[in-house]
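The structure appears right after this line, and notes come after that.
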Number of protein chains: 2
Amino acid sequence: MARSSQTQMAVLGGLSIEPMTAYALREAIRDVLGHFWSESFGQIYPTLQTLEEEGHVRRREGPRARSSVFEITGSGTARLIELLTEPIRGTPPRDGLLLRLFFGRTLGRERCRGLLEAARDTALKNLQGYESLQTQLSAQEGDTPDWPFIEVTIRAGIHHSRATIAWADESLAALGDPAGHPEPEEPQP
Amino acid sequence: MARSSQTQMAVLGGLSIEPMTAYALREAIRDVLGHFWSESFGQIYPTLQTLEEEGHVRRREGPRARSSVFEITGSGTARLIELLTEPIRGTPPRDGLLLRLFFGRTLGRERCRGLLEAARDTALKNLQGYESLQTQLSAQEGDTPDWPFIEVTIRAGIHHSRATIAWADESLAALGDPAGHPEPEEPQP
DNA sequence: GCAAGCATGTAAAAGGTTACATGATTCA
DNA sequence: TGAATCATGTAACCTTTTACATGCTTGC
């Protein structure tokens, strides 16, 4: 029972906004929740089947041959609330960037700087993405009851990106400017 | 071949700082890398066996009967550098808090506020932990060649915690003060 | 003598990704 | 007509956690 309640949460949540095909659901999860969630086909299809058997979603004929549009049922909404109320199951942390930086003495200062610069660039791009998303969606959806909650998740991305940029800049300064003196003398004796 | 290069990285990295038993290695990973990495016994023991077969670590008699201290070999150091240089394999994001907040209309505003308050509290506790760790370790290890890199990882935690606190405060304000008006009338019809 | 913690390992199960196989539809 | 995209589903594989089984050592 309960094939990955985490996936069920995302699937039921998606369908709670709008009925769609499994394919569209995966695209919606990738495009809309992509900054903090992901699901693959291999999870979505079996989960939809389970949810259908349990009566939490209903399958209707889709716009094409052999395609199905899924919609959430009353019991599905109840199940969604139940899942959303469950305690958050935290994934054990696995940050490949920090692991590499931690062993920076072995990896080498220059390569660490490279990693930090790449992280900074990525964070900057993400930040710009979040900001334009916020502007765009607030115009489009600013009046819907979902908007305040959606905006909270976008602002999480904004805060996180800004923190990453500030941290990377600070760290690049701490690891020394390579220009002129690739391995600077220890500043403090 | 290459049983989880990620685990190998953490294991070889740990042993590159100091030879130890598998048990101690797990404790070190939990206590020192715990803020951004984790490994379980079920990963560490088989990985050490593989690394031993490949000649990347050497097993010595430990301080107790039936216990082994592992130390990294020359080829192990080379392998570690190779692993650290590999592109970072990003785990697909799965943030249970943001998922719940995204579906906040269904979950309910009050429960969302509760989640945000809990997140804020946790971040505050983490922040204090990072700050005292920084003070403590900078006195202890401030002169070692590893310290600048270790500090980078601690400062990542500090920046991230501060961002979480600021975001949670902002979001709590945005989701409305519950005092006086638990479920404010819909502002827009 | 016994409890807590050190120490080693294995097996089963969960959770998830990737690749594959298949076919319909749209559009250039 | 052929490529891109929509669409469904399965199977194999990988990683990782959890639980279990076992025994030594230290300190009270």
Side-chain angles (χ1 to χ4, degrees), chain A residues 1-11 14-15 19-31 33-34 36-53 57 59-70 83 86 88-96 99, chain B residues 1-11 14-15 19-31 33-34 37-53 57 59-70 83 86 89-96 99:
Chain A
M1 205 183 299
R3 167 189 284 280
S4 175
S5 49
Q6 303 252 103
T7 297
Q8 285 200 357
M9 208 190 307
V11 164
L15 296 181
M20 37 189 151
T21 65
Y23 186 90
L25 188 55
R26 189 260 191 158
E27 295 220 307
I29 291 173
R30 174 174 26 75
D31 297 342
L33 312 183
F36 56 88
W37 203 262
S38 78
E39 296 291 349
S40 58
F41 281 135
Q43 291 278 101
I44 290 175
Y45 282 101
T47 297
L48 278 169
Q49 276 167 20
T50 306
L51 287 171
E52 190 186 15
E53 282 159 25
V57 305
R59 187 190 295 250
R60 295 218 179 282
E61 226 174 77
R64 297 174 165 219
R66 254 168 286 277
S67 83
S68 316
V69 168
F70 293 90
L83 288 169
E86 270 182 11
I88 294 170
R89 178 152 45 100
T91 345
R94 233 118 200 272
D95 185 319
L99 189 65
Chain B
M1 204 182 299
R3 167 188 282 281
S4 175
S5 50
Q6 304 251 105
T7 297
Q8 284 200 359
M9 207 189 309
V11 164
L15 296 181
M20 40 190 149
T21 64
Y23 187 89
L25 189 55
R26 188 261 192 155
E27 295 219 307
I29 291 173
R30 176 177 19 78
D31 298 342
L33 312 183
W37 203 261
S38 78
E39 295 291 349
S40 59
F41 281 133
Q43 291 278 96
I44 290 175
Y45 281 101
T47 297
L48 279 169
Q49 277 167 18
T50 305
L51 287 172
E52 192 186 14
E53 283 157 25
V57 304
R59 187 190 295 251
R60 295 216 178 284
E61 225 173 76
R64 299 174 163 218
R66 256 170 284 275
S67 83
S68 315
V69 169
F70 292 90
L83 289 169
E86 269 181 10
R89 182 162 31 114
T91 345
R94 232 119 200 273
D95 186 319
L99 189 66

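By convention in this document, chain letters (A, B, ...) are assigned in the order of the sequence lines, proteins followed by strands, and residues within each chain are numbered from 1. Keep in mind that this is a model prediction, so the values were computed, not measured. Atoms considered below: every heavy atom in the structure, side chains included; atoms not considered: hydrogens, waters and symmetry mates.
Inter-residue side-chain proximity for A/P46 and A/T7 is flagged as unmet; no heavy-atom pair is nearer than 4.5 Å. Using a 4.5 Å cut-off on side-chain heavy atoms (C-beta onward), B/E86 and B/S5 make contact. In this structure, A/F36 and B/L99 have side chains that are in contact, with non-hydrogen atoms separated by less than 4.5 Å.
When the local axes at the two ends of the helix from C/dG1-D/dC28 to C/dA28-D/dT1 are compared, using 5 base pairs at each end, they differ in direction by 20° after rounding to 10°.
With salt bridges taken as basic N to acidic carboxylate O contacts below 4.0 Å, one links B/E39 and A/R94.
The side chain of A/P92 approaches D/dT17 more closely than any other nucleotide in the set D/dT8, D/dT17, C/dT8. Closest approach to the A/Y23 side chain among D/dT8, D/dT17, C/dC6 is made by D/dT8 (side chain taken as heavy atoms from C-beta onward).
Nucleotide C/dA7 holds its C1' atom 13 Å from the CG atom of B/L25, rounded to whole Å. Taking atom CD of residue A/Q6 and atom C1' of nucleotide D/dT17, one finds them 14 Å apart after rounding to whole Å. With rounding to whole Å, A/M20 atom CE is found 15 Å from D/dC6 atom P. Between the CG atom of A/L48 and the C1' atom of D/dT8 there is a distance of 11 Å, given to the nearest Å. Separating the OH atom of B/Y45 from the C1' atom of D/dA19 is a distance of 15 Å, rounded to the nearest angstrom. What separates CD1 of A/I44 from P of D/dA7 is a distance of 13 Å, to the nearest Å. In this structure, the CZ atom of A/R94 is 15 Å from the P atom of C/dT17, given to the nearest Å. Straight-line distance from the CZ atom of A/F70 to the P atom of D/dA7: 12 Å, rounded to whole Å.
Note on B/T7: a side-chain N or O is less than 4.0 Å away from OP1 or OP2 of D/dT16. Checking the phosphate oxygens (OP1, OP2) of D/dT10, a side-chain nitrogen or oxygen of A/Q49 falls inside 4.0 Å.
Counting any heavy atom pair closer than 4.0 Å across all strands shown, B/R59 reaches sugar-phosphate atoms only and no base atom. Residue B/S38 is classed as a sugar-phosphate contact, given heavy-atom separations below 4.0 Å to backbone atoms only.
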Please list every donor-acceptor pair under 3.5 Å in which a side-chain atom of residues 24-31 of chain A meets a protein atom from a residue at least two apart or in another chain.
{"from": "A/E27", "atom 1": "OE2", "to": "A/R30", "atom 2": "NH2", "distance (Å)": "3.4"}

Readout for nucleotides 18-28 of chain C: B = base within 4.0 Å of protein heavy atom, S = sugar-phosphate only, - = neither; 5' to 3' it is B-----BS---
Could you walk me through whether A/Q8 and A/T47 pass the side chain to side chain donor-acceptor pair (under 3.5 Å) test, one step at a time?
CA-CA 7 Å; A/Q8 285 200 357; A/T47 297; over 6 Å; no
